[in-house]
A.B. asks: 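Take this structure, written in structure tokens, and hold onto it; I'll ask about it next.
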Amino acid sequence: LLGAKYYAENPLYPLDHTLADINIDIVNPWGKTHDVEDISAGNSTLDEMFARAAAAQGRVAKPNSEPEKGSFFRADHFELSKLGVPSLYPGSKAKDFVGKPAGFGQRASDDYTLHHYHQVSDEVNPSWDLSGAVQDDQLLFSVGWQVANDNQYPTWLPGSEFKAKRDVMMAGKK
């Protein structure tokens, strides 16, 4: 999180020229899914782009499955969000894995969190099925492509605590 804080305070590109932040924090190492989680759901117009890109892959974008854990407020994108940059934070809690039994994703995620997350064993495992990570990367590339080629900047939704900061930042651009 320190690197994100430093970048937000010393951006390579001015934040009023930064259209969006797509935070890739954790990849899905357990295979392809029929769904994908949006931890940042309900905050910005990036949600719509994310949902459309997921639908184009034949998947469903679902909102944060564990909002009580505050994950949106504990990841790298948050430093840019606080300064007004719309952020998309896809999660790793897909529930519906292709060819796997119900509950597989939750069990795999819980096991990883308990036994490996931020521990010495938190490293690449040759047994992983990274086809899910590829699927997610293609989805996020599609969102980034939409952001870069759209006629409108992504915006925070009304009621978002970050909207006022962005509105002030962008007021001089109009």
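Predicted model only: the values in this text are computed from it and were never measured. Scope of the values below: all heavy atoms of this structure, side chains included, with no hydrogens, waters or symmetry mates.
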A.B. asks: Do Ser81 and Ser87 have side-chain atoms, one donor and one acceptor, less than 3.5 Å apart?
C.D. replies: yes

A.B. asks: Drop me the distance from Trp30's CH2 to Ser131's OG, to the nearest 0.5 angstrom.
C.D. replies: 13.0 Å

A.B. asks: Ala4 and Asp76: which non-hydrogen atoms are nearest, and at how many Å?
C.D. replies: CB-O, 3.4 Å

A.B. asks: Can you check whether Asn43 reaches Tyr89 side chain to side chain, under 4.5 Å on heavy atoms?
C.D. replies: no

A.B. asks: Are Tyr13 and Ile22 in one and the same hydrophobic cluster, where Ile, Leu, Val, Met, Phe, Trp and Tyr link if side-chain heavy atoms are under 4.5 Å apart?
C.D. replies: yes

A.B. asks: Evaluate whether atom CZ of Phe73 has more than 12 neighbouring non-hydrogen atoms of other residues, nucleotides or ligands under 6.0 angstrom away.
C.D. replies: yes

A.B. asks: Go through the structure and list residues passing ring-ring contact (aromatic ring centres under 6.0 Å, His included) with His116, not counting sequence neighbours.
C.D. replies: Tyr112

A.B. asks: Would you confirm whether Glu79, through its side chain, and Glu9, through its main-chain N or O, come within 3.5 Å as a donor-acceptor pair?
C.D. replies: no

A.B. asks: Indicate, with yes or no, if Ile39 and Ile26 share a hydrophobic cluster defined by side-chain heavy-atom contacts under 4.5 Å among Ile, Leu, Val, Met, Phe, Trp and Tyr.
C.D. replies: no

A.B. asks: Which heavy atom of Lys32 sits nearest a heavy atom of Gln135, and at what distance?
C.D. replies: CA-OE1, 3.3 Å

A.B. asks: Kindly give the heavy-atom pair with the smallest separation between Pro154 and Thr45, and that separation in Å.
C.D. replies: CA-OG1, 3.3 Å

A.B. asks: Ignoring hydrogens and angles, tell me if any N or O in the side chain of Asp35 forms a donor-acceptor pair with the backbone of Asp96 under 3.5 Å.
C.D. replies: yes

A.B. asks: Check the hydrophobic clustering (I, L, V, M, F, W, Y; side-chain heavy atoms under 4.5 Å; chains of links allowed) and say if Val120 and Leu114 are grouped together.
C.D. replies: no

A.B. asks: May I ask you to decide if Pro14's main-chain N or O and Thr18's side chain share a donor-acceptor pair within less than 3.5 Å?
C.D. replies: yes

A.B. asks: Can you tell which of Leu15, Leu88, Leu80 makes a side chain to side chain contact (heavy atoms under 4.5 Å, CB included) with Asp21?
C.D. replies: Leu80

A.B. asks: For the pair Trp156 (side chain) and Gly84 (backbone), establish whether a donor and an acceptor sit closer than 3.5 Å, ignoring hydrogens and angles.
C.D. replies: yes

A.B. asks: Are Arg166 and Thr155 linked by a side-chain donor-acceptor pair shorter than 3.5 Å?
C.D. replies: no

A.B. asks: First locate atom CG of Leu83, then atom CZ of Phe78, and finally report the distance between them rounded to the nearest 0.5 Å.
C.D. replies: 10.0 Å

A.B. asks: When rounded to the nearest 0.5 angstrom, what distance separates CD in Glu37 from CZ in Phe50?
C.D. replies: 8.5 Å

A.B. asks: For Ser44 and Pro86, which heavy atoms make the closest approach, and how far apart are they?
C.D. replies: CB-CB, 4.3 Å

A.B. asks: Under 6.0 Å from the OH atom of Tyr7, do we count more than 12 heavy atoms belonging to anything else shown?
C.D. replies: yes

A.B. asks: Looking at every heavy atom in both Asp129 and Lys100, which two are closest together, and how far apart are they?
C.D. replies: OD2-NZ, 4.4 Å

A.B. asks: Go through the steps for His34 and Val98 under the test side chain to side chain contact (heavy atoms under 4.5 Å, CB included), then give the verdict.
C.D. replies: CA-CA 6 Å; His34 295 288; Val98 175; 3.5 Å; yes

A.B. asks: Could you list the donor-acceptor pairs under 3.5 angstrom formed between side-chain atoms of residues 139-152 and any protein atom two or more places apart in sequence or on another chain?
C.D. replies:
residue: Gln146; atom: OE1; partner: Arg52; partner atom: NH2; Å: 3.2
residue: Gln146; atom: NE2; partner: Met49; partner atom: O; Å: 3.4
residue: Asn149; atom: ND2; partner: Trp145; partner atom: O; Å: 2.9

A.B. asks: Would you say that Asn64 contacts Asp38 through its side chain, given a criterion of any heavy-atom pair below 4.5 Å between the two side chains?
C.D. replies: no

A.B. asks: If I compare all heavy atoms of His118 with all of Asp122, which pair ends up nearest, and what's the gap?
C.D. replies: N-OD2, 2.8 Å

A.B. asks: Starting at CZ of Phe97, measure out to CZ of Arg107 and round the result to the nearest 0.5 Å.
C.D. replies: 10.5 Å

A.B. asks: Could you check whether His115 and Asp111, counting side-chain N and O atoms only, form a donor-acceptor pair closer than 3.5 Å?
C.D. replies: yes

A.B. asks: Below 4.0 angstrom, N of the basic side chain to O of the carboxylate: do Asp136 and Arg59 qualify?
C.D. replies: yes

A.B. asks: Consider only side-chain heavy atoms of I, L, V, M, F, W and Y, link residues closer than 4.5 Å, and tell whether Leu157 and Phe162 are in one cluster.
C.D. replies: no

A.B. asks: May I ask you to test the Met170-Asp16 pair for a side-chain heavy-atom distance under 4.5 Å?
C.D. replies: yes

A.B. asks: Look only at the side chain of His77 and the backbone of Phe72, and say whether a donor-acceptor pair between them is shorter than 3.5 Å.
C.D. replies: yes

A.B. asks: Give a yes or no on whether Tyr117 and Ile24 share a hydrophobic cluster (residues Ile, Leu, Val, Met, Phe, Trp, Tyr; joining criterion: side-chain heavy atoms under 4.5 Å apart).
C.D. replies: no

